[in-house]
Protein chains: 2
Amino acid sequence: MGEKKRITIKDIANVLKISPAAVSKALHDDSRISAKTKAAVKRVAKELNYQPNHLASALRKGKSNLVGVIVPKTNSNFFSSVVENMESVLNKAGYNIIITQSNESFEKECRNIDTLLYTQVDGIIASMANETVDLSHYEKIKSKGIPLILFDRGENDLNVDYIGIDDYQSSHMIVEHLISKGCKRIAHIGGFRRTRIYNNRIRGYIDAIHEHHLPQDDVLLIESNLDLEDGRIKMKELLALDHPPDAVYVASDYAALGALQVLNEQHIKVPEDICLVGFGNEPFTSLVSPTITTVSQHSKQIGKIAAETFLKRINTKNWKPKLDKNILKSELIVRDSSNRDLSIKSS
Amino acid sequence: MGEKKRITIKDIANVLKISPAAVSKALHDDSRISAKTKAAVKRVAKELNYQPNHLASALRKGKSNLVGVIVPKTNSNFFSSVVENMESVLNKAGYNIIITQSNESFEKECRNIDTLLYTQVDGIIASMANETVDLSHYEKIKSKGIPLILFDRGENDLNVDYIGIDDYQSSHMIVEHLISKGCKRIAHIGGFRRTRIYNNRIRGYIDAIHEHHLPQDDVLLIESNLDLEDGRIKMKELLALDHPPDAVYVASDYAALGALQVLNEQHIKVPEDICLVGFGNEPFTSLVSPTITTVSQHSKQIGKIAAETFLKRINTKNWKPKLDKNILKSELIVRDSSNRDLSIKSS
DNA sequence: TTGTTTTGCTTAAACGTTTAAGCAAACTTT
DNA sequence: AAAGTTTGCTTAAACGTTTAAGCAAAACAA
């Protein structure tokens with residue numbers, strides 16, 4: 001039971017009375033090895049239950065075939081779906097992934113990057129924590145010369161490949177949807193402006209309001225950390241206004257759910273009295289009552305494209321400075337919370 | 001911009017005109033290196049921005065300081081919380097984790113194990129896919145001589161450390177809770193008996209029913225795959241009975257939510273007409289209306305203990321065959337769906 | 001003084017692969 | 001038959017680290 005001896009290519013070589021180099025080449029189907037020897041090597045390898053030592057080959061070849069992934073939270077449908085699709089593309093190309101989570105903490109994100117670099121990953125695919133403003137640790141990755149690809153939460157200052165949805169356009173689309181449903185006073189519970197994606201959503205909201213000649217009222221535009229509890233708080237603020245809105249567009253499904261709870265508790269009819277739209281297409285949006293209109297971020301696409309971009313970078317030796325900025329179109333998923341029948345509009 | 005030369009201990013050695021071995025020892029605070037040399041080495045290491053090559057040291061030392069983790073789905077609150085706590089314990093001990101997901105597929109689980117072994121992980125912490133019945137690939141881990149720790153979804157046949165909650169006792173507790181609320185005809189939408197944890201929940205249900213001298217009616221015990229849709233289907237079956245139940249205990253929150261949707265749609269009052277209890281304490285159970293009574297599985301504890309068990313195994317050279325079977329007590333979280341006021345019981 | 005211990009380093013081998021270079025034998029061409 | 005090419009392997013070095021063993025010099029003991 002004690003020491004299980006590792007089987008190495010040397011052991012295979014000894015059995016067949018050939019050199020370890022020949023074994024290595026046979027296992028890699030080198031053209032300079034005879035078919036007979038290849039067959040013999042593979043047979044013995046199987047017999048001895050040989051498992052290649054990844055560390056040794058990675059060390060020798062100077063690449064680990066590992067890709068580091070950093071997400072704010074695995075526990076979100078969006079990110080877990082992104083990762084799943086990333087993984088399937090990368091696995092097919094012979095890469096494995098190491099997933100780390102930053103928990104939206106800048107500190108943790110820095111440590112994750114150090115960990116990944118230390119583990120000698122061949123590249124990093126990341127979505128930035130909300131807290132992150134200092135980009136020096138990301139520069140560290142670039143200075144190492146390994147590919148860095150950002151998705152969803154990116155930064156334009158950092159000159160790297162990026163995959164995400166068009167937040168500006170999504171926001172614009174949501175506002176137009178609400179206008180089409182007869183809403184005239186549309187509020188936005190948004191994220192903090194310093195985060196690029198939330199800033200874009202705010203801009204999309206404002207521009208759409210202007211384009212359709214609706215009055216822009218500053219009290220209708222609120223910044224929030226977008227968690228469920230804050231959604232509740234901000235919704236209550238909106239309801240306490242002298243002139244409350246007839247539609248609320250919330251930049252995250254979680255906060256939208258909080259808002260919906262408040263509306264339900266106060267017996268305000270959704271969508272008849274107030275229309276509600278969330279963002280992200282979290283599964284629960286189709287489970288609550290009424291179901292919440294939201295925006296799908298194409299997590300599968302994002303994961304797939306991020307992985308493919310990494311592979312492209314790795315496989316093109318001449319590091320072209322031209323960057324991939326992949327902006328996907330999002331999809332509006334209309335559900336009950338905004339699906340107002342125009343003929344029986346109340347008040 | 002082209003080739004960034006890697007800094008190695010040799011470079012540091014050259015600068016200081018000492019041997020690489022001395023540098024290595026200095027960096028590890030070996031007692032046989034003078035304080036002066038140590039300081040100089042560390043200074044130069046910082047100046048050159050030296051990053052140790054993990055692959056090389058792992059190869060030489062025969063350990064990678066990586067722990068493989070296999071979960072059915074990262075996208076569940078339970079598993080992501082387990083992993084988060086596991087990670088924090090392991091990071092402190094100098095280990096990093098590689099997360100893989102089986103998506104409940106036996107196939108994928110096998111490939112995950114191969115991947116992890118190939119990556120030379122020092123141990124594997126896993127929760128088995130529902131599909132898994134053949135355990136030979138887990139035996140492969142054991143035969144490699146590296147620690148294997150199972151959590152939540154384990155198997156008694158496999159002689160390994162295990163951390164989970166006491167499903168039997170949890171089930172028992174739920175039934176007693178429902179009885180205390182005046183329920184007399186308690187149904188159970190359970191998982192498949194071949195999965196150990198679901199079998200235990202079924203046993204706990206049956207035994208509690210018997211102990212309290214309630215009639216055990218076979219039509220009230222249903223096996224299900226426990227997803228939301230099947231929860232709906234099974235709930236409808238129960239409602240179609242000649243003599244429907246006055247309480248339903250569902251072995252998963254997702255299926256419980258499906259059941260709740262059906263009850264709401266059919267305007268059956270919960271908890272007044274039927275009490276409902278789920279399992280797992282998924283976040284949405286506190287978000288829907290009415291909120292769902294459920295059981296918390298102590299994901300934090302499980303993650304922490306699993307990690308600590310791994311460290312114990314790694315650090316005790318003399319592989320003691322005595323196994324850790326850590327069975328935690330679960331916690332009943334009583335919410336509206338079962339919180340019936342006994343004085344105004346209907347019918 | 002001489003012998004012993006401690007200190008502070010060096011040398012060299014090892015971890016398991018990969019791969020450039022080399023070389024004999026077999027085959028092909030002229 | 002001589003020269004060249006191809007085939008099929010071997011040798012040896014390398015990847016960057018760790019570590020056992022060795023050895024001078026310094027410090028200490030008698």
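Just so it is clear, the model here is predicted, and its values are computed rather than measured.
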- How would you label the contact of B:Ile18 with the nucleic acid (heavy atoms, under 4.0 Å): base, sugar-phosphate, or nothing? sugar-phosphate

- Item | A:Asp29 CG to C:dT19 C1', straight-line distance once rounded to whole Å | 17 Å

- Query: Start at the 5' end of DNA chain C and walk down; is the nucleotide closest to A:Thr8 or to B:Ser19 reached first?
  - Reply: B:Ser19

- Ignoring hydrogens and geometry, is there a side-chain-to-backbone donor-acceptor pair from B:Lys304 to B:Val82 under 3.5 Å? no

- Between P of C:dT6 and CZ of B:Arg32, the distance in whole Å: 10 Å

- Query: Among D:dC9, C:dG8, C:dG16, which is the nearest nucleotide to the side chain of A:Leu59?
  - Reply: C:dG16

- Of the listed C:dT17, D:dT18, D:dG16, the closest approach to the B:Ile9 side chain comes from D:dT18

- Heavy atoms under 4.0 Å, any strand shown: does B:Ser31 hit a base, just sugar-phosphate, or nothing? nothing

- Task: Select one nucleotide: of C:dG16, D:dT18, C:dT11, the one nearest the side-chain heavy atoms of B:His28.
- Result: D:dT18

- Please state how far atom CG in B:Asn65 lies from atom P in D:dT17, giving the value in whole angstrom units. 15 Å

- To the side chain of B:Tyr50, which of D:dT17, D:dC9, D:dG22 is closest? D:dT17

- Task: Establish, from distance only, whether the side-chain atoms of A:Asn103 and A:Ser105 form a donor-acceptor pair under 3.5 Å.
- Result: no

- Gap between atoms NE2 and P, on A:His54 and D:dC15 respectively (whole Å): 19 Å

- Query: Are B:Asp122 and B:Arg313 close enough for a salt bridge, meaning some N to O gap below 4.0 Å?
  - Reply: no

- Measure distances between side-chain N and O atoms of A:Lys25 and base N and O atoms of C:dT17, and say whether any donor-acceptor pair falls under 3.5 Å. no

- Under 3.5 Å, is there an N or O donor on one side and an acceptor on the other linking the side chain of B:Arg60 and the base of D:dT18? yes

- Grab the CD1-P distance between B:Ile33 and D:dA26 for me, whole Å please. 17 Å

- Choose from C:dC9, C:dT17, C:dT10 the nucleotide whose nearest atom is closest to any side-chain atom of B:Ser34. C:dC9

- Under 3.5 Å side-chain donor-acceptor pair for B:Thr74 and A:Thr74: no

- Task: Take atom CZ of B:Arg6 and atom C1' of D:dA14, then tell me their distance rounded to the nearest Å.
- Result: 15 Å

- Upstream residue (5' side of DNA chain D) when A:Ala35 and A:Ala21 are each assigned their closest nucleotide: A:Ala35

- Message: Does this structure show an ion pair linking A:Glu104 with A:Arg153, if we count only N-O contacts that are shorter than 4.0 Å?
- Response: yes

- Task: Starting from C1' on C:dT10, measure out to NZ on B:Lys17 and report it in whole angstrom.
- Result: 16 Å

- Would you indicate, yes or no, if D:dT19 has its OP1 or OP2 atom less than 4.0 angstrom from a side-chain nitrogen or oxygen of B:Ser24? no

- Note on the structure: Rounded to whole Å, NZ of A:Lys38 lies from C1' of D:dC9 at a distance of 13 Å

